[in-house]
Amino acid sequence: MRKTPDEIETMAELRRVIDEIDGELITLLAERLTYIDRAPVLKPREGIAANSPSRVADVLAKVRSGSEVAGFDPQVAEGMWQVMIDAMIAREERVMGTEGMDA
């Protein structure tokens with residue numbers, strides 16, 4: 001179990017914990033990417049475009065809501081997810097093009 005931030009007494013220890021959390025985040029993002037990479041297979045079957053504005057809006061609304069519950073700045077979270085979403089849409093479009101509907 002990790003110490004709480006208030007229990008940490010040195011910058012070295014604080015940096016170690018932050019680096020550990022960063023590693024966990026990278027692992028989760030890599031796992032998320034494996035699921036996103038399935039989308040270019042499934043979306044064309046259903047006629048869905050790589051860029052689906054209604055889905056983007058839904059994801060960002062969930063991120064804002066979840067970040068508020070977690071005590072994380074919703075604007076920061078939304079900005080981080082927007083960058084990630086834009087990169088993933090570009091990744092999908094390289095594979096499947098821009099055809100399809102918003103869904």
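These figures come from a predicted structure and were not determined experimentally. When reading the values below, keep in mind they use all heavy atoms of this one structure, side chains included, and skip hydrogens, waters and symmetry mates.
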Under the side chain to side chain contact (heavy atoms under 4.5 Å, CB included) rule, collect the residues that match up with [X], sequence neighbours excluded.
{"X": "Ser54", "answer": "Ser52, Asp102"}
{"X": "Pro44", "answer": "Met96"}
{"X": "Thr27", "answer": "none"}

Determine, stepwise, if the pair Ile48 / Arg55 fulfils side chain to side chain contact (heavy atoms under 4.5 Å, CB included). CA-CA 10 Å; Ile48 300 171; Arg55 174 63 179 153; over 6 Å; no

How long is the span from the CD atom in Glu9 to the CG atom in Leu14, to the nearest 0.5 Å? 11.0 Å

Can you tell me how far the CD atom of Glu20 sits from the CZ atom of Arg2, to the nearest 0.5 Å? 4.5 Å

Cluster check [X], [Y]: I/L/V/M/F/W/Y, side chain < 4.5 angstrom:
{"X": "Ile89", "Y": "Tyr35", "result": "no"}
{"X": "Met84", "Y": "Leu25", "result": "no"}
{"X": "Ile26", "Y": "Ile85", "result": "no"}
{"X": "Leu29", "Y": "Ile18", "result": "no"}
{"X": "Met80", "Y": "Val69", "result": "no"}

Any ion pair linking Asp19 and Arg16 (charged N to carboxylate O, less than 4.0 Å)? no

Quick one: does Lys43's side chain have a donor or acceptor within less than 3.5 Å of a partner on Ala50's backbone? yes

Taking all atoms of both residues into account, what is the closest heavy-atom pair of [X] and [Y], and its distance?
{"X": "Glu92", "Y": "Ile36", "result": "OE2-CG2, 3.7 Å"}
{"X": "Val63", "Y": "Glu78", "result": "CG1-N, 4.1 Å"}
{"X": "Met101", "Y": "Glu46", "result": "CE-O, 3.4 Å"}
{"X": "Thr10", "Y": "Ile8", "result": "O-CG2, 3.4 Å"}

Side-chain touch Asn51/Val56, heavy atoms, less than 4.5 angstrom: yes

For Arg91 and Asp37, what are the C-alpha separation, side-chain angles and deciding distance, and is it a side chain to side chain contact (heavy atoms under 4.5 Å, CB included)? CA-CA 9 Å; Arg91 183 180 176 100; Asp37 282 346; 2.7 Å; yes

Could you tell me whether Glu7 atom CD has more than 12 heavy atoms of other residues or ligands within 6.0 Å of it? yes

Within the supplied structure, the quantity of interest is the number of heavy atoms (other residues, nucleotides, ligands) at a distance under 6.0 Å from Gln82 CD; does it exceed 12? yes

